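Here you go, one structure.
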Amino acid sequence: MSDLVVDMRAKVEALQVELAKQPQYEPITSHTFHGGMYCRQVFRHAGALIVGKVHKKEHFYLIAGGTVAITTDDGVQFVTGPHLLCSKPGTKRAVYAETDALCMTFHRVDSITVEDAEAELVEDDPNAMYGVDNRVKPQTREMLS
């Protein structure tokens with residue numbers, strides 16, 4: 001990995017630590033499996049900031065609509081959809097919704113369930129704020145209590 005990519009990932013991880021101390025937002029998420037592919041749609045309201053997990057495989061990331069500030073290998077980009085990004089293995093993103101926004105990821109998978117797709121596609125991260133289906137993990141909720 002290049003120094004910029006490693007530096008961006010470290011910054012996103014530091015952001016995740018600070019964000020976990022704040023009240024949590026659960027984005028509206030839906031899932032579709034078809035023909036060995038998996039599409040994850042994540043709708044976020046304006047003002048929402050979400051830090052994702054590290055992906056194991058390359059995939060497409062589509063900002064289908066709205067404007068977001070998103071971390072990329074080249075730094076933070078402000079993007080208005082429709083706009084397609086290509087994500088590489090090891091990618092961990094932070095996405096801030098400037099407006100209401102719909103983002104989608106597209107993956108090749110062997111899985112046919114959300115739980116199996118999660119195991120196939122993302123690295124295990126005990127510090128991740130979200131579990132399967134973008135639900136806030138119980139330990140994140142406990143930190144806020």
Side-chain angles (χ1 to χ4, degrees), residues 1-22 24-141:
M1 276 197 253
S2 75
D3 289 343
L4 181 59
V5 173
V6 171
D7 184 50
M8 182 56 68
R9 182 162 164 185
K11 288 178 179 180
V12 171
E13 288 171 350
L15 175 62
Q16 177 177 299
V17 169
E18 294 305 313
L19 192 57
K21 299 173 185 175
Q22 304 301 316
Q24 298 303 300
Y25 171 78
E26 289 183 351
I28 301 164
T29 305
S30 64
H31 313 270
T32 305
F33 290 88
H34 180 75
M37 297 177 290
Y38 167 50
C39 174
R40 180 179 177 105
Q41 298 182 69
V42 181
F43 176 81
R44 54 202 84 204
H45 292 284
L49 174 60
I50 298 170
V51 175
K53 296 179 182 177
V54 177
H55 286 82
K56 297 177 186 177
K57 300 178 178 183
E58 57 189 24
H59 62 279
F60 289 121
Y61 189 107
L62 175 67
I63 296 95
T67 300
V68 298
I70 186 168
T71 57
T72 70
D73 292 349
D74 300 318
V76 177
Q77 293 183 5
F78 289 84
V79 178
T80 298
H83 185 85
L84 184 66
L85 300 169
C86 295
S87 290
K88 299 174 187 162
T91 300
K92 182 176 180 78
R93 297 194 186 280
V95 181
Y96 175 76
E98 292 279 324
T99 67
D100 287 354
L102 175 63
C103 297
M104 304 166 76
T105 58
F106 300 90
H107 309 266
R108 292 179 305 218
V109 294
D110 295 321
S111 305
I112 57 171
T113 68
V114 174
E115 293 78 10
D116 289 345
E118 176 98 359
E120 181 179 346
L121 297 172
V122 299
E123 292 180 10
D124 183 44
D125 178 4
N127 297 319
M129 295 168 28
Y130 297 96
V132 175
D133 203 26
N134 278 338
R135 299 286 181 228
V136 174
K137 290 170 67 177
Q139 73 263 24
T140 304
R141 288 187 194 279

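The first residue of the sequence shown is numbered 1, and numbering continues consecutively from there. Every heavy atom of this structure was used, including side-chain atoms; hydrogens, water molecules and symmetry mates were not. Everything quoted here is computed from the prediction, not taken from an experiment.
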Between T99 and T67 (side chain of the first, backbone of the second, donor and acceptor by atom type, cut-off under 3.5 Å), is there such a pair?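 Yes: the side chain of T99 pairs with the backbone of T67.
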Euclidean distance, L15 CG relative to L49 CG, rounded to 0.5 Å: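 The distance works out to 5.0 Å.
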Spacing of CZ belonging to R40 relative to CD belonging to E118, to within rounding of 0.5 Å: 6.0 Å
Interatomic spacing from CZ in R44 to OH in Y25 - rounded to 0.5 Å: 8.0 Å
Which pair of heavy atoms, one from P27 and one from V42, lies closest together, and at what distance?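 Where P27 meets V42 most closely, the heavy atoms are CB-CG1, 3.6 Å.
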Quick one: CD on E115 to NE2 on H31, what's the gap to the nearest 0.5 Å? 8.5 Å
Knowing that exactly one of L102, V79, L84 qualifies, which makes a side-chain contact (heavy atoms from CB on, under 4.5 Å) with I63? V79
Charged N-O contact under 4.0 Å between K92 and E123: no
For E120 and S111, indicate whether the former's side chain and the latter's backbone hold a donor-acceptor pair under 3.5 Å.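 Indeed, once roles are kept as given, a pair shorter than 3.5 Å links the two residues.
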What do the steps show when you test H34 against T32 for side-chain hydrogen bond (donor to acceptor under 3.5 Å, both in side chains), and what is the final call? CA-CA 7 Å; H34 180 75; T32 305; over 6 Å; no
Checking Q41 side chain against S30 main chain: does a donor-acceptor pair fall under 3.5 Å?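 No, the answer is negative, given that no donor and acceptor are paired below the 3.5 Å cut-off.
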Shortest non-hydrogen contact from M104 to A64?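 Result for this residue pair: SD-CB, 3.9 Å.
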Side chain to side chain contact (heavy atoms under 4.5 Å, CB included) evaluation trace for V17 with E13: CA-CA 7 Å; V17 169; E13 288 171 350; over 6 Å; no
Within the structure provided, determine whether F60 and C86 are in side-chain contact (heavy-atom separation under 4.5 Å).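 Side-chain contact under 4.5 Å: yes.
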Nearest non-hydrogen partners of A46 and D100, listed with the distance: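 Minimum heavy-atom contact is N-OD1, 2.8 Å.
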For a side chain to side chain donor-acceptor pair (under 3.5 Å) with S87, tell me which candidate from H107, R93, H55 qualifies. R93
What's the separation between atom CD1 in I50 and atom CD in Q16, rounded to the nearest 0.5 Å? 12.0 Å
Find out whether Y96 and V76 are in side-chain contact, i.e. whether some heavy atom of one side chain is under 4.5 Å from a heavy atom of the other.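 Result no, sub-4.5 Å side-chain heavy-atom pair not found.
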pair V109-L121: side-chain heavy atoms closer than 4.5 Å: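 Yes, side chains in contact.
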With side chains defined as the heavy atoms from C-beta onward, is the minimum distance between Y61 and T91 less than 4.5 Å?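 The answer is no; the side chains never approach within 4.5 Å.
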Partner residues of K88 under the salt bridge (charged side-chain N to carboxylate O under 4.0 Å, His left out) criterion, sequence neighbours left out: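 K88 satisfies salt bridge (charged side-chain N to carboxylate O under 4.0 Å, His left out) with D73 only.
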For the residue pair F43 and H45, categorise the inter-ring angle as parallel (less than 30°), tilted (30 to 60°) or perpendicular (more than 60°). perpendicular
Can you name the closest pair of heavy atoms from K56 and V122 and give their distance?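 Looking at all heavy atoms of both residues, the shortest contact is CE-O, 3.1 Å.
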If you measure from OG1 on T113 to OH on Y38, what distance do you get to the nearest 0.5 Å? 9.5 Å
